[in-house]
Amino acid sequence: MAIQIEDETDIAPNQIPTHATTTAPTGTITSSVINIANTMMGAGMLALPSAFAIVGLGFGMFLLVLAGVAAAFGMYLLVESARRVGRSSSFFAVSKITYPSAAIIFDSAIAIKCFGVSVSYLVIWGDLVTPKKLPKVVLSLTPNISPDSYFLMKETWVTIGIISISPFVFLRRLDSLKYISALALSSIVYLVFIVVFYFIFPLDEMPPKLTFGEIEWIKFDLQKFLTVLPIFVFAYTCHQNVFSVYNELIDNSSERIFKVITTSSYVAHWTYQLVAILGYLTFGNSVSSNIIANYPNSAMISFGQLAIALLVLLSYPLQAHPARASLDKVVSGGTIVTPIPRIKFVLLSLFLITASYIIAIKVKNLSTVLSIVGATGSTTIGYILPGLFYWRIREDEDIAAEEEQERLLGVNGVVNGNGSSEQAVKLDLEGIDPMDNSGSIIHNVLHPTEHTPLLGASSASGGSTAPVPRRRTRAKNPKWDFTNFMAALLACAGIVLMASIQLLTPKQEAKQLADSQKKILNRVPTPEFDVPLPTPTSQFSSSSVSKSSTLTTADAKSRIIINSQMAKSWQPETTHLMRSDARIDQKRRFHAVRDSMYPLPADIQEQYRLELQHYLFCYGFNALFHMPLHQKMGKKGQLILDVGCGPSAWMRNVAELYPRSCIWGVDMAKSLFEGVDVLPNMKLFEGNVLERLPFEDNTFDGIYQRLMVLSIPSDKWDHVVAELIRVLKPGGYLEFCEPDFECLRMGPKFFELAKALNEALAIRGVNPNIAYELGDKIKSAGLQLISEHTCSFPIGWGGKNGELHLHNIRKSFMGLKPYLSKTFGISSEEYDNIIIEATNECETYETYYNAYAIVGRKNINA
């Protein structure tokens, strides 16, 4: 049945088909609870313990209760709205009797939101099951697999996931998804079991549980609160599937549908509370945003990671189902055809599957898009629309009741002129209540026919005019009962939440960026001490280079040829030697440590670059370090070691913040200590972590090492980890922070440059992707993995932050010129052109790279 509605002057629910399906409803309370609960609960619940750590245990529990009550009330309002439509209910159908002109807009927002979430599920699935993320689980099945195998690629696993889950997308009924929803819920049960098990039976390498006195009940920092607010607000979002449950439930009476709502809400709520409370009590403020990452590596935890992956993949059809329903209304242009014709149903399903797959494969970073979609779509579906729908429907009922009273009184007046009071008394004696929503009087007004003219019309014998459409007006005496008031309040709360998340959070980030930029600008190299960037020439002169090294700007791939022998054995030239601890090459000074692999300079220009890089990393991670030592460093004082401290920018900031703690630094390039402002609680040492550090065993409470990837050969990392553990106290913390040299979204020239750099470093014995392996290395060395943190850095885009990262990247390549120009076999001019042309692509392609911080803890009994 097709319905065309032109305007909002005559909108009546009887225009909507009363049965939306061609077969009888099959849904049960059990299947409905399973589907709603699975729609609510997802991998986001693993972030609840960290959210509790930010807002406090008591405040976190209150926010969960508040969000759960608001979500359940929103579902109640949607069900009440659905009753005005019948089993054909949907956001579009209810919109047509409340806000007809906005119906397509509402469904477009719902379709975009559900489609965006389904894409994120595929991306998360690919990230979780890619062997780089789960090497212990996946690679154990195929230990001899080639490093170049498609089996190790994220794209392969996204393809496997979409092929596996696609058949379930073609199921018409939400009730048909109950079995995969039950399987997904079993994954949640397993994750809850992990949290409970390790709380009751903690391992020796886990930190001690919080005591009652250590629990922080209420904490409030506006910036941090806004970052975790969406975790609470969207924890119960499932409203996109409420109408489908209502339509398909065999007995969708008030009692049974409310039982579905309350049961699913209770299941989700107590699951959230259990995971959040026990997770927080187990790890305290050191809990990470994925609590599973806090537990020591074991088969149980590995399968827990797989359970998360399975959970998000099996939730994909639950998002595709409402996305398809809303998309159908949008492409139909306001025409409702129920059920969706077979061919159209298949085409819409194929479109959603194909589009989500392509986006999941191509797009590397969905965080910004999904934050906007989630904040707008989830608040609209869960808060704003339920309140607005119910409020408008109740207003229409008030209008209808008043009009019917006036019509009945008016009809009697037309007949005898003075009998309206008698007619009203007669109606009252007959037991007809004009305010009864289910009574025939209201039905006649909402469903007018030629036998029941509207207000203002009279019979033909009395010189009547034809019935006219009822215009939407305000009720003269609106009935503002408690439910109506709460519905309006819910809609207002949704608008405030959406504005807070969309507007206030960016302002807080902007303030943080401004503060960070102020610090950075105070450290940026001044022109008189800086080396200006070269200006690229338009063409290479064929007379200036030999034929074998002539380059073309059109062919980036052929312009970089690596000299393997030079890449492996390069050392700075010794010409113009000014001092015994330094070497000079192409006017840049390098340290003269024997057998050092470090290819960057050790001069004043490099000092300025390293300080800039320090502030960029601190801003990106929003922290100086992630070791859970803040309270001890501030109150009692701790002894902290910075390995590879360079010009000691990190040391100086930490020493200023924690004057009671002692911050020591060690570096093999003593020349970088020149001009360093050493604070009273700072101390600098010359030493080489590749050999033996000049410290006794069990000396430090915490050790921090950052950006040492170019200094340590791949075969020396195990020695470095062991050496750092040697000087670390039992119960002390070790943190590594390293970038991943595999940039993402690269242009063709930057891709070839990065590829050549990585190949040269690999020949030299350096692993440019060691960041992926550090978590496994510290666990293999006997440390407990406390937390893992990831940060993405834009290069040349995204405002001042991206500009400074581009500046840092270019300065790094300029520092590598003596090494790379000889390794590539090209002149200085050619090298400058390659760097400028390659890095100029970063803004266009929005290139970025990731960095990882990994924190481990030494066994207290070691």
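- Tested against Trp664, the residues Leu639, Ile703, Val643, Ile640 include a single side chain to side chain contact (heavy atoms under 4.5 Å, CB included) partner, Leu639.
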Verdict with supporting geometry, Ile188 and Leu185, side-chain contact (heavy atoms from CB on, under 4.5 Å)
CA-CA 5 Å; Ile188 293 178; Leu185 290 179; 3.9 Å; yes

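- To the nearest 0.5 Å, atom CG of residue Leu783 and atom CG of residue Asn859 are 9.0 Å apart.
- In this structure, Ile261 and Ala72 approach most closely via the heavy-atom pair CG2-O, 4.0 Å.
- Tyr280 has its side chain within reach of Leu210: a pair of non-hydrogen atoms, C-beta onward, lies under 4.5 Å apart.
- The environment of Phe168 atom CZ is sparse: at most 12 non-hydrogen atoms of other residues, nucleotides or ligands sit within 6.0 angstrom.
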Could you check Gln319 against Lys113 for side-chain contact (heavy atoms from CB on, under 4.5 Å), going step by step and ending with a plain yes or no?
CA-CA 9 Å; Gln319 297 296 331; Lys113 183 265 181 187; 4.3 Å; yes

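- When ring centroids are compared, Phe695 and Phe700 come within the 6.0 Å threshold.
- With hydrogens and angles left out, the side-chain atoms of Thr156 and Thr159 include no donor and acceptor closer than 3.5 Å.
- In terms of modelled atom types and a separation under 3.5 Å, the side chain of Ser264 and the main chain of Ala37 share no donor-acceptor contact.
- Although no hydrogens or angles enter the test, the distance criterion places no donor-acceptor pair under 3.5 Å between the side chain of Gln638 and the main chain of Leu629.
- Here Ile34 contributes atom CD1 and Ile29 contributes atom CD1; the two are 12.0 Å apart, rounded to the nearest 0.5 Å.
- Ser31 and Tyr179 share no donor-acceptor pair across their side chains, judged by distance under 3.5 Å alone.
- Proximity of Phe617 to Leu707: side-chain heavy atoms (C-beta onward) are separated by under 4.5 Å at one or more points.
- With contacts defined as side-chain heavy-atom distances shorter than 4.5 Å, the pair Glu742/Asn769 qualifies.
- Both cation-pi conditions hold for Lys209 and Phe199: the charged atom is under 6.0 angstrom from the six-membered ring centre and inside a 45 degree cone around its axis.
- Annotation for Val195 and Gly279: closest pair CG1-N, 4.0 Å, computed over non-hydrogen atoms.
- Using a 4.5 Å heavy-atom cutoff, the side chains of Ile854 and Leu785 are in contact.
- Between the side chains of Tyr733 and His626, not a single donor N or O lies within less than 3.5 Å of an accepting N or O.
- Side chain of Glu738 to backbone of Val709: a donor-acceptor contact under 3.5 angstrom is found.
- Glu773 contributes no side-chain N or O that, together with a main-chain N or O of Ile770, makes up a donor-acceptor pair within less than 3.5 Å.
- One finds the CG atom of Leu278 at 15.0 Å from the OH atom of Tyr198 (value rounded to the nearest 0.5 Å).
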Worked verdict on Tyr272 versus Phe232 for ring-ring contact (aromatic ring centres under 6.0 Å, His included):
CA-CA 10 Å; Tyr272 291 157; Phe232 295 100; 9.6 Å; no

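- Taking every heavy atom of both residues into account, Ala781 and Val721 meet most closely at CB-CG1, 3.7 Å.
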Cys737/Phe621 under side-chain contact (heavy atoms from CB on, under 4.5 Å): CA gap, chis, key distance, verdict:
CA-CA 10 Å; Cys737 184; Phe621 280 101; 3.8 Å; yes

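- Between the side chains of Asn698 and Lys858, at least one donor N or O sits under 3.5 Å from an acceptor N or O.
- Taking the six-membered ring wherever Trp is involved, the centroid distance between the rings of Phe793 and Tyr849 falls below 6.0 Å.
- In this structure, Tyr772 has its ring center under 6.0 Å from that of Tyr852.
- Using modelled atom types, one finds a donor on one side chain and an acceptor on the other under 3.5 Å when comparing Ser181 with Asn35.
- Using a 4.5 Å cut-off on side-chain heavy atoms (C-beta onward), Leu174 and Val245 make contact.
- At distances below 3.5 Å, at least one donor-acceptor pair connects side-chain atoms of Tyr190 with backbone N or O atoms of Met300.
- Within 6.0 Å of atom CZ in Arg660, 12 or fewer heavy atoms from other residues, nucleotides or ligands are found, so the atom counts as exposed in its surroundings.
- For Phe225 and Phe220, the distance between ring centers is under 6.0 angstrom.
- Between Ile180 and Pro317, some side-chain heavy-atom pair lies under the 4.5 Å cut-off.
- Expressed to the nearest 0.5 Å, how far CG of Leu122 lies from CG of Leu313 amounts to 7.0 Å.
- Residue Lys777 qualifies as enclosed at atom NZ: its count of foreign heavy atoms under 6.0 Å is above 12.
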Please lay out, stage by stage, how Arg726 and Leu693 fare under the test side-chain contact (heavy atoms from CB on, under 4.5 Å).
CA-CA 10 Å; Arg726 178 185 69 80; Leu693 293 175; 4.2 Å; yes

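- A donor atom on one side chain and an acceptor atom on the other are not found under 3.5 Å apart for Gln705 and Asp642.
- At most 12 non-hydrogen atoms from other residues, nucleotides or ligands lie less than 6.0 angstrom from NZ of Lys632.
- Residue Ile160 holds its CD1 atom at 13.5 Å from CD1 of Ile165, rounded to the nearest 0.5 Å.
- Under a 3.5 Å cut-off, the side chain of Ser120 and the backbone N or O of Val117 do form a donor-acceptor pair.
- Side-chain atoms of His789 and Ser787 form a donor-acceptor pair, as typed in the model, at a separation below 3.5 Å.
- Glu216 is linked by a salt bridge (charged side-chain N to carboxylate O under 4.0 Å, His left out) to Lys219, counting only residues two or more places apart in sequence or in another chain.
- Once rounded to the nearest 0.5 Å, the distance linking CZ of Phe303 with CD1 of Ile194 reads 11.0 Å.
- Between Thr263 and Lys259, the shortest heavy-atom contact is OG1-O, 2.7 Å.
- Looking at every heavy atom in both residues, Met75 comes nearest to Cys238 through SD-SG, 3.4 Å.
- Proximity of Leu624 to Trp650: side-chain heavy atoms (C-beta onward) are separated by under 4.5 Å at one or more points.
- Nearest heavy-atom pair across Cys791 and Gly620 is SG-O, 3.1 Å.
- For Tyr383 and His239, the gap between ring centers reaches or exceeds 6.0 Å.
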Pair up each side-chain donor or acceptor in residues 41-64 with any protein partner under 3.5 Å, not counting sequence neighbours, and list the distances.
unit_1	atom_1	unit_2	atom_2	d
Ser50	OG	Ala47	O	2.7

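- Using a 4.5 Å heavy-atom threshold, the side chains of Leu311 and Ser315 count as touching.
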